[in-house]
Amino acid sequence: MDMNNKPTFDPKEHQHLRYNPLRDSWVLVSAHRMKRPWKGQVEKPPEDNIPRHDPNNPLCPGSVRANGELNPEYDSTFMFDNDFPALQPDAPDPGSDHHPLFQSKAARGVCKVMCFHPWSDITLPLMQPAEIRKVIDKWADLTVELGATYAWVQIFENKGAMMGCSNPHPHCQVWASNFLPNEASLAERCQRDFLQKHGEPMLVQYARMEAQAQERVVVENEHWLVVVPYWATWPFQTLLLPRRHVLRLPDLTTQERDSLASIMKRLLTKYDNLFEVSFPYSMGWHACQALGHCTIIQDLHCKYRCQPNMLLPRAPTGSHLNKNMSHWQLHAHYYPPLLRSANIRKFMVGYEMLANEQRDLTPEQAAEQLRKLSEEHYKVKKAEGLKLKLAPKFSG
C-alpha cells in the first residue's frame with residue numbers, strides 16, 4: 001500500500017496491458033487467474049512408446065508414401081514435396097476483382113516436408129548438436145533455393161498432436177509463396193517503422209536490452225539469446241534472437257550455426273523437462289527473404305550503421321528493387337500451448353478471439369520457471385538412473 005492506502009502495482013497480482021511492437025497490438029496479462037481451480041478439459045498425454053521404425057509410417061526410411069513414391073533409406077535429413085500441398089506452383093489466376101468487398105488474388109507456391117532424422121522415436125532435444133546442425137544447414141539452403149523464386153519462405157514445425165501434428169516422426173514443413181503472408185507483412189511494417197523512428201533495428205535493440213536485464217532470459221550463449229518476450233501471449237512462448245544484426249539463415253557463420261544448434265537443444269530440453277513430457281509447440285523462422293539477387297545498400301539517412309559490406313536482400317524487379325531491408329532481424333518464434341501441466345493447456349477462445357489476446361502468468365514468471373530447469377533431458381537422466389540401478393554390484 002502507498003501513503004493513500006492505494007494498492008501498489010504488482011504485475012503478478014494486477015492485470016495490465018503490454019505492447020507487442022512486432023504486431024502493433026496489446027496483450028492483457030492477468031497472472032492472478034492462475035489461482036483459479038481448473039475444471040475444464042484435460043488433454044491426453046503424448047504417446048511415449050513410439051517405435052523407432054514403422055514400415056507403415058510414410059515418413060520413415062524405405063516406406064511408401066500416399067502418392068506411391070518410395071522413400072530412400074536416408075540416414076540424415078530427408079526432403080520431399082508435400083503429397084497434399086496447400087500451395088501449388090501452377091494454380092490459375094482467379095481473375096480481376098469487381099468489388100472491394102469481394103477481392104481475390106492469385107496464390108502460387110510449393111510445400112515441402114523435411115524429416116530431421118531417420119528415427120521416429122527421437123525429437124530435436126534428443127538429437128546430437130551435429131545432427132541439429134544438419135537441419136539448420138538444410139533450412140539455410142532452402143531459404144536460398146526457394147527464395148530465388150518466391151516472395152516468402154516459411155519454415156515451421158508443428159510438434160505434437162495438440163498442435164495438429166498428424167505424424168510423430170520428427171519433421172518440419174516449408175511453404176514458399178508468391179505473396180507475403182499476413183504475419184510476415186505485419187512484422188515487415190512494424191520493423192521498418194521502428195527503424196525509421198528510432199534509428200536502430202527493433203530486435204537488435206531488444207536483444208541487447210534483454211541481455212542486460214536478464215529478467216526474461218531463458219538460455220544464452222556467445223551468439224544467441226532466448227527470452228520469454230515482454231509481450232508474450234502463449235504461457236511459455238519464447239523468442240530466439242541472434243546477438244548481431246543478421247537478416248537470414250544463410251548469412252549465419254559456421255560458429256553461429258553451431259551455437260544455434262546448441263541453444264536449440266538447450267531450450268527444447270528445458271521445454272520437455274518442464275512437465276516431463278515431449279513438449280508440444282508450433283515454431284517458425286521469420287527472416288528477410290532473399291528475393292533473387294543481393295546488393296550492398298547503404299542508407300545515408302539511417303542512424304544505424306550495418307556491418308561493412310553487409311549483403312542486403314532485394315527483389316530483382318518491382319517495388320522491392322534497391323529497397324533497403326536493414327530493418328529486418330532474423331528470429332524464431334516458439335508457441336507452446338501447455339499452461340499448468342502436461343495435460344492442461346491454454347485455450348485461445350472467446351475473449352482472445354473476439355477482443356484481445358490474454359495470458360495467465362507473467363512472462364517473467366514463465367522465464368524463471370524455464371531458466372531454473374536442468375539442461376539434462378529427463379529421459380536421458382531416467383535412462384542413466386536405470387542403468388545404475390541394474391548395474392551389477394561388486395563387493396570387495
Spacing of [X] atom [atom1] and [Y] atom [atom2] [to the nearest 0.5 Å]:
| X | Y | atom1 | atom2 | result |
| --- | --- | --- | --- | --- |
| Leu239 | His331 | CG | NE2 | 6.5 Å |
| Asn356 | Leu28 | CG | CG | 6.0 Å |
| His198 | Leu195 | NE2 | CG | 10.0 Å |
| Ser278 | Ile50 | OG | CD1 | 7.0 Å |
| His53 | Ser63 | NE2 | OG | 4.5 Å |
| His223 | Leu252 | NE2 | CG | 10.0 Å |

Worksheet item: Within 45° of the axis and under 6.0 Å from the centre of the six-membered ring of Trp119, does NZ or CZ of Arg52 qualify?
Response: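 Yes, Arg52 and Trp119 form such a contact.
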Worksheet item: Between Tyr230 and Arg216, is there a cation-pi geometry (under 6.0 Å to ring centre, at most 45° from the normal)?
Response: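 Verdict for Tyr230: no cation-pi partner in Arg216.
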Minimum heavy-atom separation for [X] to [Y], with atom names?
| X | Y | answer |
| --- | --- | --- |
| Ser76 | Pro118 | O-CD, 3.8 Å |
| Pro11 | Thr362 | O-CG2, 3.3 Å |
| Gly147 | Val153 | N-CG2, 3.7 Å |
| Val246 | Pro242 | CG1-CG, 3.3 Å |

Worksheet item: Picking from Glu210, Met209, Arg208, what satisfies side chain to side chain contact (heavy atoms under 4.5 Å, CB included) with Tyr206?
Response: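 Between Tyr206 and the candidates, side chain to side chain contact (heavy atoms under 4.5 Å, CB included) is satisfied uniquely by Glu210.
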Fill in: Matching residue for Trp234 among Arg359, Glu357, His333, Met348 - test: side chain to side chain contact (heavy atoms under 4.5 Å, CB included)
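The residue from Arg359, Glu357, His333, Met348 that satisfies side chain to side chain contact (heavy atoms under 4.5 Å, CB included) with Trp234 turns out to be Met348.
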Could you tell me whether a side-chain N or O of [X] sits under 3.5 Å from a main-chain N or O of [Y], the two making a donor and an acceptor?
| X | Y | value |
| --- | --- | --- |
| Asn71 | Cys60 | yes |
| His327 | Gln196 | no |
| Arg371 | Val217 | yes |
| Glu215 | Glu364 | no |
| Gln154 | Trp285 | yes |
| Asn273 | Tyr378 | yes |

Answer yes or no: is there an ion pair linking [X] with [Y], defined by an N-O contact shorter than 4.0 Å?
| X | Y | value |
| --- | --- | --- |
| Asp272 | Lys379 | no |
| Glu368 | Lys12 | no |
| Glu375 | Lys265 | no |

Return yes when atom [atom1] of [X] has more than 12 non-hydrogen atoms of other residues, nucleotides or ligands closer than 6.0 Å, and no otherwise.
| X | atom1 | value |
| --- | --- | --- |
| Asn67 | CG | yes |
| Asn182 | CG | no |
| Glu222 | CD | no |

Fill in: Gln15/Gln358 under side-chain hydrogen bond (donor to acceptor under 3.5 Å, both in side chains): CA gap, chis, key distance, verdict
CA-CA 10 Å; Gln15 70 271 11; Gln358 183 269 335; over 6 Å; no
Discussion item. Between Trp175 and Cys111, is the side chain to side chain contact (heavy atoms under 4.5 Å, CB included) condition met? List the steps.
Written reply: CA-CA 4 Å; Trp175 293 15; Cys111 298; 3.7 Å; yes
Fill in: side chain to side chain contact (heavy atoms under 4.5 Å, CB included) assessment of Glu183 paired with Leu22
CA-CA 9 Å; Glu183 292 298 316; Leu22 267 177; over 6 Å; no
Practice prompt. Determine, using ring centers only, whether His286 and Trp152 are less than 6.0 Å apart.
Written response: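 Trp152 vs His286: aromatic centres under 6.0 Å.
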Item to complete: Under the side-chain hydrogen bond (donor to acceptor under 3.5 Å, both in side chains) rule, what do Glu256 and Trp224 come out as? Steps first, then yes or no, please.
Response: CA-CA 8 Å; Glu256 287 169 334; Trp224 297 89; over 6 Å; no
Worksheet item: Which residues, ordered by chain and number, are linked to Tyr74 in its hydrophobic cluster, where ILVMFWY side chains connect at heavy-atom gaps below 4.5 Å, directly or through other members?
Response: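 ILVMFWY cluster around Tyr74 also holds Leu59, Phe78, Phe80, Val113.
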Fill in: Side chains of Tyr19 and Asp24, donor plus acceptor under 3.5 Å
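Yes, Asp24 and Tyr19 have a side-chain donor paired with an acceptor closer than 3.5 Å.
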